[in-house]
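Notes to accompany the following structure.
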Amino acid sequence: MVKSTTTTTNAVDASPQGTAGVTTSDYDAIIVGAGFAGIYSLYKLRQLGLRTRVLEAGPSVGGTWFWNRYPGARCDVQSFDYSYSFSEELQQEWKWSERYATQPEILRYIQHVVDRFDLRDGIQLDTRVVSAVFDDEASKWTVTTEAGEVVSARFVIMATGCLSVTKAPTFPGLDSFDGPWYHTGHWPEEGVDFTELRVGLVGTGSTGIQIAPRIADQASELLVFQRTPNFSLPAQNRPVDDEFDRDIKATYAERRRAARKTPRGYPTPPFLRECSALDLPEDERSQVYEQSWNYGGPTFTGAFEDLLTNKEANDTAAEFVREKIRLMVNDPVTAEALSPTDHPIGTRRPCVDTEYYQTYNRENVRLVDLREGAIEAVTPTGLSTTEGDFELDALVFAIGFDAMTGALLNIDIRGVEDAPLKEKWADGPATYLGITVADFPNLFTITGPGSPSVLANMVVSIEQHVEWLTELLRYATENDVVRIAAREEAQKDWVQQVADRAEATLVPLARSWWSGANIPGKPRVFMPFLGGIAAYGEILEEVANNGYSGFELSTS
Ligand code: N01
């Protein structure tokens with residue numbers, strides 16, 4: 001437990017989730033969010049002996065894997081890697097059924113972890129945090145919930161997720177629509193039956209690409225409204241048989257260690273080349289692409305080391321995928337419309353699919369290219385574009401998220417001198433290492449902007465942050481540190497480094513949610529750290545080894 005001036009103003013509420021009344025309680029740490037990040041934070045901080053409570057807005061644990069329960073939702077990093085590595089027993093006893101697990105299976109896994117490690121009594125569900133205010137004198141946070149509950153804590157850990165605030169559909173006339181409409185990020189728990197319905201799907205990012213084939217299985221007609229085509233790579237999903245399961249588990253710990261030494265946080269197959277795509281003659285280069293394509297998943301964009309830095313090299317990969325699309329989609333006009341030409345491959349989040357392109361060969365599926373006529377309004381009977389009206393019985397919006405900063409800025413976070421985070425980040429997020437913010441002492445952002453987060457295996461990104469933070473809090477505990485504050489200068493340098501790394505690549509050539517471009521009015525700042533998990537891990541280690549350089553640690 002942190003040896004601090006903490007006084008308990010009320011008995012610590014150890015009641016099960018959702019049963020807490022309006023009380024004032026005092027903790028060592030409050031964690032906001034019970035997804036992968038919040039759950040692991042609770043596990044680690046309890047081990048440290050901190051009195052810790054998780055406040056979760058939803059009625060269940062799981063975070064993004066609770067809310068995004070649309071048909072077709074699955075991870076696009078292999079299940080064996082998209083899972084916690086902290087417990088050898090856990091990873092040996094859990095058996096994934098598919099190479100890329102579905103949302104229900106991942107949610108079951110998260111529930112299992114919570115029970116397996118007796119974490120449930122530390123998680124308070126149905127509790128939305130609305131504000132967090134720093135008390136400069138006491139070096140403590142006061143956290144208030146929507147229900148008016150007030151809790152205080154030395155440390156606040158924002159495990160609020162990078163993709164947890166949905167982008168709301170704002171099409172004029174939506175209220176007048178006669179049929180039901182759904183956002184994929186708030187999918188009804190009981191599911192939706194599209195049988196015999198004409199369905200309009202808006203959005204062709206990772207979500208739209210996953211859900212389209214599943215809607216097409218049911219609907220009498222599916223119209224996919226696409227504004228920007230994305231590159232999508234085949235998952236090459238398959239069931240996990242016992243032999244594969246045994247093979248992975250025989251060297252699981254080694255696999256996990258190796259993953260932390262990669263940029264993306266998962267093992268890379270041996271055929272990826274550490275050279276330029278342009279170093280190989282065309283037939284050999286194509287062979288590498290073919291191998292990566294057949295291997296499946298996002299690995300393709302790492303086939304050569306310069307795909308994200310050299311436009312000419314990138315063009316060879318992009319053209320390979322466009323050629324695949326032409327081969328998979330029977331109608332040449334549709335194939336052309338599905339083929340991205342406005343951004344290099346990998347400069348927007350590559351999608352991973354199962355039978356997405358082939359879906360357009362079905363009789364009941366049609367692509368509507370919004371570049372030829374944008375959506376003007378929702379009408380009582382469907383969608384109206386500048387090129388014509390479409391009659392629809394149901395609408396599905398897969399239009400994305402206010403990513404990375406949305407969940408943090410939805411909470412009224414006030415730091416030193418009552419300064420709102422919203423004002424500090426008016427021109428875009430500024431953090432030190434993606435995990436702390438100057439002038440917001442004792443507040444930590446798991447996979448916050450400025451960390452590898454969404455560019456890597458999220459579970460590895462989360463573990464990296466939580467483990468590093470646990471050691472920092474251990475250090476604080478052992479050294480009577482009550483205030484951990486990032487220095488302004490260190491933050492300035494870090495923000496510059498994050499921007500420089502992005503500038504050195506092709507990512508500025510794309511409009512993407514990575515840089516806030518999907519939300520009108522959001523500052524255009526490339527938010528994640530592009531250096532990768534391994535390099536980032538080394539930086540974190542160096543900061544710690546240097547006595548937490550860049551931080552001011554105060555004992556009173
Ligand atoms: O959201 P997106 P997403 N009119 O922002 C379109 C993760 N994820 O939910 O590109 C018409 O990528 C928009 O068009 P445009 C993953 O990191 C992971 O699909 O702006 N269209 C785009 O096509 C992913 O990257 C998994 O022109 C409009 C789409 O909606 C991230 O979540 C699965 C529009 C939004 O695409 C976000 O993916 C799913 C408008 N007004 C998601 N507004 C895994 O497998 C938006 N669009 C782990």
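Computed over heavy atoms, backbone and side chain alike; hydrogens, waters and symmetry mates excluded. Counting starts at 1 for both ligands and their atoms, in listed order.
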Could you check whether any side-chain N or O of Tyr84 sits under 3.5 Å from a backbone N or O of Phe36, counting only pairs where one atom can act as donor and the other as acceptor? yes
May I ask you to check whether [X] has an N/O atom sitting below 3.5 Å from an N/O atom of ligand 1?
X: Tyr70; result: no
X: Asn230; result: no
X: Gln210; result: yes

With Arg322 as the cation and Tyr357 as the aromatic partner, state whether NZ or CZ is under 6.0 Å from the six-membered ring centre and within 45° of the axis. no
Just checking, Arg69 and Phe66: is the charged tip under 6.0 Å from the six-membered ring centre and within 45° of the axis? yes
Check each of [options] against [atom] and report the one with the nearest heavy atom.
atom: atom 42 (C) of ligand 1; options: Thr207, Asp76, Ile106; answer: Thr207
atom: atom 22 (C) of ligand 1; options: Leu383, Thr204, Val224; answer: Thr204
atom: atom 31 (C) of ligand 1; options: Phe171, Trp513, Tyr82; answer: Trp513
atom: atom 27 (O) of ligand 1; options: Thr385, Thr228, Val352; answer: Thr228
atom: atom 10 (O) of ligand 1; options: Lys167, Arg348, Arg227; answer: Arg348

How about Tyr182 and Tyr70: are their ring centroids closer than 6.0 Å? no
Centroid-centroid distance, His465 to Tyr536, less than 6.0 Å: yes
Protein contact to [atom] [nearest heavy atom, distance to 0.1 Å]:
atom: atom 24 (C) of ligand 1; value: Ser206 OG, 3.5 Å
atom: atom 7 (C) of ligand 1; value: Leu163 CD1, 3.5 Å
atom: atom 18 (C) of ligand 1; value: Arg349 NH2, 3.7 Å

How would you list all residue pairs meeting salt bridge (charged side-chain N to carboxylate O under 4.0 Å, His left out) that involve residues 369-395, not counting sequence neighbours? Arg198-Glu391, Arg198-Asp393, Asp369-Arg371
Basic-acidic side-chain contact under 4.0 Å: Glu290, Lys324: yes
Going by the order shown, which atoms of ligand 1 are within less than 4.0 Å of some heavy atom of [X]?
X: Gly205; value: 12 (O), 19 (O), 23 (O), 29 (C), 36 (O)
X: Gly203; value: 6 (C), 23 (O), 29 (C), 30 (O)
X: Phe401; value: 9 (O), 37 (C)
X: Leu370; value: 11 (C)
X: Val202; value: 11 (C), 21 (N)
X: Gly400; value: 1 (O), 5 (O), 9 (O), 35 (C)
X: Ala398; value: 29 (C), 30 (O), 35 (C)

Regarding [X] and [Y], do their side chains bring together a donor and an acceptor under 3.5 Å, going by distance alone?
X: Thr299; Y: Tyr266; value: no
X: Ser83; Y: Arg256; value: yes
X: Ser232; Y: Asp353; value: yes

Does atom CZ of Arg128 have more than 12 heavy-atom neighbours, drawn from other residues, nucleotides or ligands, at distances under 6.0 Å? no
Give a yes/no on ligand 1: does Arg74 have at least one heavy atom closer than 4.0 angstrom to it? yes
Quick one: list whatever passes side-chain hydrogen bond (donor to acceptor under 3.5 Å, both in side chains) with Asp193, sequence neighbours left out. Thr195
